[in-house]
Structures are given as C-alpha cells and as structure tokens.
Q: 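Attaching a single structure in structure tokens format; questions to follow.
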Number of protein chains: 2
Amino acid sequence: MWVTSKEPAPRLRKSPEQVRSAVHQAVIDLLSDPEGADLTIPAVAQRAGVNHTSVYRRWGSREALLADVVVTRLERDWPLADTGSLRGDLTAWAEAGVASIRTAEGRLLIRAVALSMPGSATAQGERAQQFQRRLGAIERIRERAVTRGEVPPPLDQILDQLVAPLYLRAIFGIDPPASGYPELLVDRLLGGTGASRPG
Amino acid sequence: MWVTSKEPAPRLRKSPEQVRSAVHQAVIDLLSDPEGADLTIPAVAQRAGVNHTSVYRRWGSREALLADVVVTRLERDWPLADTGSLRGDLTAWAEAGVASIRTAEGRLLIRAVALSMPGSATAQGERAQQFQRRLGAIERIRERAVTRGEVPPPLDQILDQLVAPLYLRAIFGIDPPASGYPELLVDRLLGGTGASRPG
DNA sequence: CTCCTTAAGCACAGATCTGTGCGTACGGCA
DNA sequence: TGCCGTACGCACAGATCTGTGCTTAAGGAG
C-alpha cells in the first residue's frame, strides 16, 4: 500500500526575520480580532504559522513578547518630532498620540503598555521606571526646550494635563473630541497662546 | 495494620460568606504579594484555603472574579461624598482617589479596572460602558450640581483634568505630589477660586 | 565548495488549568 | 425534630500550556 507523493514534507522553514515579523503581527491580530482570545504562546504561534517552541525560545514568556511588540510598534507609530519650539513639539506629540488612539491597533498598544508591566505591587518601582522610559520623548522635549532657553512646565504637570488624558482615553476606549484636541490640551498646559516664551 | 486516628477527616467546611471573603482577600493578596503571580483560579483557591471548584462554580472565570473584587472594594474605598457644592464634591472625590492611590491595594484595584475589562478591540464599546459605570460618581456629582443651579464643566473636561491624572498615576504607580494635589486638580478644572458659581 | 554558527521544526512529556459528577455538611422552615 | 435546598469539598479526567532534547535547514566565512 503506497501513499502517493511520499516526499518527506518539504518542511519549509521561515527565516528568523520572517518569524519575528509573523509573530509580531499575530500578537496584534490576537489582541484585536477575537473576543477575549487570551494571547497564549501556542495561540500566537499557530496564528503566525510558526512552531510554538520558536516563540518560547526566542521570547521566553508572554510578557516579554508583548513588551517587545509594544515597544517596537509604539516607537514606530508614535515618534518624536522636532519642530523647533516647545509648543510645537508638545502639539506634534499629542497629535501623534491622538492619531494612534483613533486606530484600534494604537489603542491596543497603549493599553498593553499598562498590561505588559510586571503585575505585582512589589514591582511598582519597575513599572514606574518602564513607564518613564516610554516618557523619554517628553523628557527630551523638555530638555530641548531648556536648551533653547524656554521654561517648560514641570514633568508632573505635563503628565497630568497632556499624557494622562491621552492614555486614559486609549486604555478605556473613549474617543477624543473630534477636532482641535491636541491644541486644546497644549493650550490648557501652556496657557492660551504662547505663555512659555522665555523672559 | 491499623492507622491511628482513622477518623474520616472532619472535613471542615467554610460557609458561603467565609468563602467569599477568603477568596476576595486571596485575590488582593495575589495581586499584591509575589512577583508576577499570575492570579489563576487554583492559586487563588489555594491561598484562600478553599477548594478550587468552589471558585469555578461561584465565579466561573478569572475575569468575573476580578471584576467582582474590584467593584466591591472600590465602591467601599472610594465612595461618593455629598458636600453641598460642586467644588466640594469634586475635591472630596479627588481626595478619596488620592488616598486610594497612596495604598498598594488601591493602586492594584484601580489598575485592575483597566485589566478586568474584556480585552478585545471588538469589545471596546463594552469597556467604555463599564468604565462609564465606574464614572457614575462623576455623573451624579454633575447632576447634583445642575440641580443646585451650578454649571459644571462638561464630562470630557472632568475626565481630562481630574479623572485621567488620578488613574494614570494609579496604573503606573506614580506618586501624586505630596500635598494639595486634589485642590490643585480641582482648581485647574474649575478655575482659581470659585469660577463655577451660577450667573 | 566546505565548514560552522544560528535558529527553526518535530516528538515527546510533565505540569497546570479547567471542568464534571457525586456525596454531604450547613442553615432555614414546618 | 425532621425535611430540604444550597453550595462546599473530594475524586477524577480531558485539555492546554510549558518546556526539553534532538535533528536539520539557512546563511556567512574561509
């Protein structure tokens, strides 16, 4: 009894880059697509068309994988602009954020920033630290402003009035006002028209 | 070969209320205590000294259990005050929030509000809706203000300037400024001293 | 072309989670 | 006191996740 085409199954193998790309996309898909798919490593691997051991060995854990995807995509989709002024930089940053929030993927990524942090209370310092890294863009904006001779608001205030609204809306899926939102936030932060100019 | 004390193991059983209480506390403990304990139902049950089937049958899923704990505790720890004025109500609400944020348990609960939502993008509407329920306090504060003849800021603005900073700090474990923070937030929202008085 | 390092795929197994059926303790009620 | 519904604990089992050892394909260096 012969089985036709008994070739030993070409076993086509993906290159490391293909694996990386496919797995990343699979994570996004699983976060987006089904209702409450629980983003397990076998599920990701299957969706990516990759053996699950490849994922286990490369990333080690679900947390690490998620963090990798989030950092990679967010740094690509929510970049740091350099417009030459504090107000311009903050507005550009907020605009990029609003644009991200308006896409399903963007909301998922920002939300995952909160989820991907180590979940314990003991690790609260870690979480703050990781988040601070994500806030590197804000810090650099402030530093550039100082170099220029501008006086930026303290980080706490930027957190409260610019970062927090964007993150809250992303996490809970609340649409931002239809138009002028980035400018509105920056105006509230810096004052009506241009209050942050040096003396 | 006789085994000494062959009594059939008294099989001491907890009452439903004891189970509920022990399980709730176990969830809090597991969220707080270890590094990255993953809050599985067996783990919760073991920590609570309860059979895991009890948890499965009563709550059904990890998500439902977490949501139950969060709602119960938050409504207890972050209540809604009635001070007789919009400014007073908002300040009291913010003060309660800051107090919660300063405790490890409070941060965990608020953070869990975000985590306990159904994780899919499709269910974004649901998440917003659930969050809106948590915002019932804010809505009631606004309604009472309107009844009094005051003109409260739109919900969006309260979200941006009062709710978002508190939630962001809770989720990412960023300590609020040492003193005067609730008043600071409310002042930014309503204006320096008492701008929300009716005409 | 050959060697060599890297990493993907396969087979297999232990651990853990999830869920079901059954017996029975507890509290309320007549 | 006896009956009865609720729901807790136990035993057991299927599914799924997590991880290991091995083989082998792919790409670069000499």
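We name chains A, B, ... by the order of the sequence lines, and we start the count at 1 in each one. Nothing here was measured: the structure is a model prediction, and the numbers come from that model. Below, all heavy atoms of this structure are taken into account, side chains as well, without hydrogens, waters or symmetry copies.
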Q: Measure the distance from CG on A/Asp38 to P on C/dT16 and round it to the nearest whole Å.
A: 19 Å
Q: Please examine the side chains of B/Trp59 and B/Val23, heavy atoms only from C-beta on, and report whether any two atoms are closer than 4.5 Å.
A: yes
Q: Any side-chain heavy atom of A/Arg169 within less than 4.5 Å of one from A/Arg107?
A: no
Q: Output the single nucleotide from D/dC10, D/dG21, C/dA8 whose closest atom is nearest the side chain of A/Pro16.
A: C/dA8
Q: Grab the NE2-C1' distance between B/His52 and C/dG19 for me, whole Å please.
A: 8 Å
Q: When the nearest nucleotide of DNA chain D is assigned to A/Tyr56 and to B/Val19 on a heavy-atom basis, which residue is associated with the more 5' position?
A: B/Val19
Q: Tell me which donor-acceptor pairs under 3.5 Å the side chains of residues 41-51 of chain A have, and how far apart each pair is, sequence neighbours excluded?
A:
residue: A/Arg47; atom: NE; partner: A/Asp29; partner atom: OD2; Å: 3.4
residue: A/Asn51; atom: OD1; partner: A/Thr53; partner atom: N; Å: 3.0
residue: A/Asn51; atom: OD1; partner: A/Thr53; partner atom: OG1; Å: 2.7

Q: Can you give me the closest heavy-atom contact between B/Ile28 and B/Ser32, atom names plus distance?
A: O-OG, 2.6 Å
Q: Which is true for A/Thr53 with a 4.0 Å heavy-atom rule: it touches a base, it touches only sugar-phosphate, or it touches nothing?
A: base
Q: Starting the side chain at C-beta, find the nucleotide from D/dT18, C/dT18, C/dG21 nearest to B/Arg57.
A: C/dG21
Q: Using the criterion of both pairing distances under 3.5 Å for Watson-Crick and G-U wobble pairs, give all stems of 3 or more consecutive pairs involving DNA chain C.
A: C:1-30 with D:1-30
Q: Taking CG from A/Leu30 and C1' from D/dC17, how many angstroms apart are they, rounded to a whole number?
A: 15 Å
Q: Taking atom C1' of C/dA7 as reference, at what distance in whole Å does atom CD of A/Glu17 sit?
A: 13 Å
Q: Atom CD of B/Glu63 and atom P of C/dT18: how far apart are they, to the nearest Å?
A: 11 Å
Q: Could you work out which one of C/dA8, C/dC10, D/dT18 sits closest to the side chain of A/Ser54?
A: C/dA8
Q: With a 4.0 Å cut-off on heavy atoms, is A/Arg58 in touch with a base, just the backbone sugar-phosphate, or nothing at all?
A: sugar-phosphate
Q: Quickly work out the B/Lys14 NZ to C/dC26 P distance and round it to whole Å.
A: 13 Å
Q: Between D/dA25 atom C1' and A/Asn51 atom CG, what is the distance in whole Å?
A: 14 Å
Q: State, to 0.1 Å, how close B/Asp77 and B/Glu105 come at their nearest heavy-atom pair, and which atoms those are.
A: OD2-OE2, 3.7 Å
Q: Sequence neighbours excluded, which residues qualify as salt bridge (Lys or Arg N to Asp or Glu O under 4.0 Å) partners of A/Arg20?
A: A/Asp68
Q: To the nearest Å, give me how far apart CG (A/Leu65) and C1' (D/dT18) are.
A: 15 Å
Q: Look at the aromatic rings of B/Phe172 and A/Tyr167 and report parallel, tilted or perpendicular, splitting at 30° and 60°.
A: perpendicular
